[in-house]
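Read through the structure below, which is laid out as structure tokens, and then see the notes.
All values below were derived from every heavy atom in this structure, side-chain atoms included, with hydrogens, water molecules and symmetry-related copies excluded.
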Amino acid sequence: MKKNCKKFIALALACSVMGVCVPSARALDLGDILKKGAIGIAGGWLVTAISPQMNDFINTITFNKGVKYEGYTKVVPIVSIGDGTRIGAAQVGATTKDAINRTQAVAQIEGKYESIKATALVPIDQLNVLKGFRRVKGVGVTAIISVQI
């Protein structure tokens, strides 16, 4: 991939992430929910479009460090809906091709108990979480991809 194309993709991903990371001070209404869902889907589309290159990159760096994943991998969007809608990317890995093919995204679920904050990353079968989703068994998160802004 040419250097300018890589810069454009990184810039587009960063803009997508910035567009959905800015918190809103007003109350949520149906229009906001639909807008955030659409932004999430657009960001998910962008991650999906460049996922083969990101997957190859992660596989190369893990191979070079002697910790290559032995199985199938791909990069999918991380979708989080809760305290602000955000989107990112994660590499997932599985031992079967079927499980990887069924994985469309990773749901980011956050919770807090007293002073402890937990974030769960769950491989799921649906990019649009507003439609509902199910966990894909036998798949784990092997890497998180972030863009420095």
Side-chain angles (χ1 to χ4, degrees), residues 1 3 5-24 28 33-149:
M1 189 181 290
K3 192 174 183 179
C5 185
K6 287 182 183 179
K7 285 182 180 180
F8 172 76
I9 290 170
L11 179 63
L13 182 59
C15 290
S16 174
V17 170
M18 284 180 57
V20 295
C21 287
V22 178
S24 177
L28 283 178
I33 292 169
L34 293 175
K35 179 181 173 188
K36 288 180 180 184
I39 290 171
I41 290 168
W45 175 85
L46 179 61
V47 169
T48 302
I50 61 174
S51 68
Q53 295 86 353
M54 289 191 292
N55 192 55
D56 290 344
F57 171 71
I58 293 165
N59 287 339
T60 299
I61 62 173
T62 57
F63 176 77
N64 290 341
K65 298 293 182 182
V67 291
K68 180 182 178 198
Y69 185 81
E70 298 295 329
Y72 300 94
T73 61
K74 76 175 183 180
V75 171
V76 296
I78 297 175
V79 182
S80 176
I81 297 179
D83 289 341
T85 302
R86 298 177 299 281
I87 191 134
Q91 183 188 54
V92 293
T95 56
T96 67
K97 187 80 166 163
D98 180 58
I100 280 295
N101 289 340
R102 285 185 290 124
T103 306
Q104 299 301 309
V106 169
Q108 179 174 313
I109 304 167
E110 296 177 341
K112 189 172 180 181
Y113 176 73
E114 294 182 11
S115 64
I116 300 169
K117 181 181 175 186
T119 301
L121 298 171
V122 181
I124 59 172
D125 66 348
Q126 192 61 247
L127 178 58
N128 184 352
V129 295
L130 298 175
K131 289 183 176 181
F133 58 88
R134 285 176 284 180
R135 179 183 207 124
V136 180
K137 295 181 182 181
V139 178
V141 175
T142 57
I144 305 295
I145 296 105
S146 61
V147 176
Q148 184 177 357
I149 300 173

Qualifying residue for side-chain contact (heavy atoms from CB on, under 4.5 Å) with Asn55, from Ile50, Ile145, Val75: Val75
Closest contact, heavy atoms only, Thr96 versus Tyr72: C-CD1, 3.6 Å
Ion pair check, Asp125 and Arg102, cut-off under 4.0 Å: no
Atom of Ala90, atom of Val141 and distance for their closest heavy-atom approach: CB-CG1, 4.1 Å
Test side chain to side chain contact (heavy atoms under 4.5 Å, CB included) applied to Lys117 and Glu110, step by step: CA-CA 7 Å; Lys117 181 181 175 186; Glu110 296 177 341; 4.3 Å; yes
Closest heavy-atom pair and its distance - Gly93, Tyr69: C-OH, 3.3 Å
Backbone N/O of Gln91 and side chain of Thr142: donor-acceptor pair under 3.5 Å: yes
Residue pair Val79 / Gln126, side-chain heavy-atom distance below 4.5 Å: no
Least distance between heavy atoms, Phe63 atom then Lys68 atom: CD1-CD, 3.7 Å
Passing candidate, side-chain contact (heavy atoms from CB on, under 4.5 Å) with Val92, options Val136, Leu121, Val106: Val106
Point-to-point distance, once rounded to the nearest 0.5 Å, from CG of Asp56 to CD1 of Ile61: 12.0 Å
Arg134 CZ to Ile124 CD1 distance, which is reported to the nearest 0.5 Å: 11.0 Å
Lys74 (side chain) donor-acceptor with Ser51 (main chain) under 3.5 angstrom: no
Check: Ile78 and Ile144 side chains under 4.5 Å, non-hydrogen atoms: yes
Ile109 vs Val122 side-chain heavy atoms within contact, under 4.5 Å: yes
Gap separating the OG1 atom of Thr73 from the CG atom of Asn59, nearest 0.5 angstrom: 3.5 Å
Pairwise distance CZ(Phe133) to CG(Asn128) - rounded to 0.5 angstrom: 11.0 Å
Over all atoms of both residues, closest heavy-atom pair of Val76 and Thr103: CG1-O, 3.9 Å
Distance-minimising heavy-atom pair for Gly138 and Ala94: O-CB, 3.4 Å
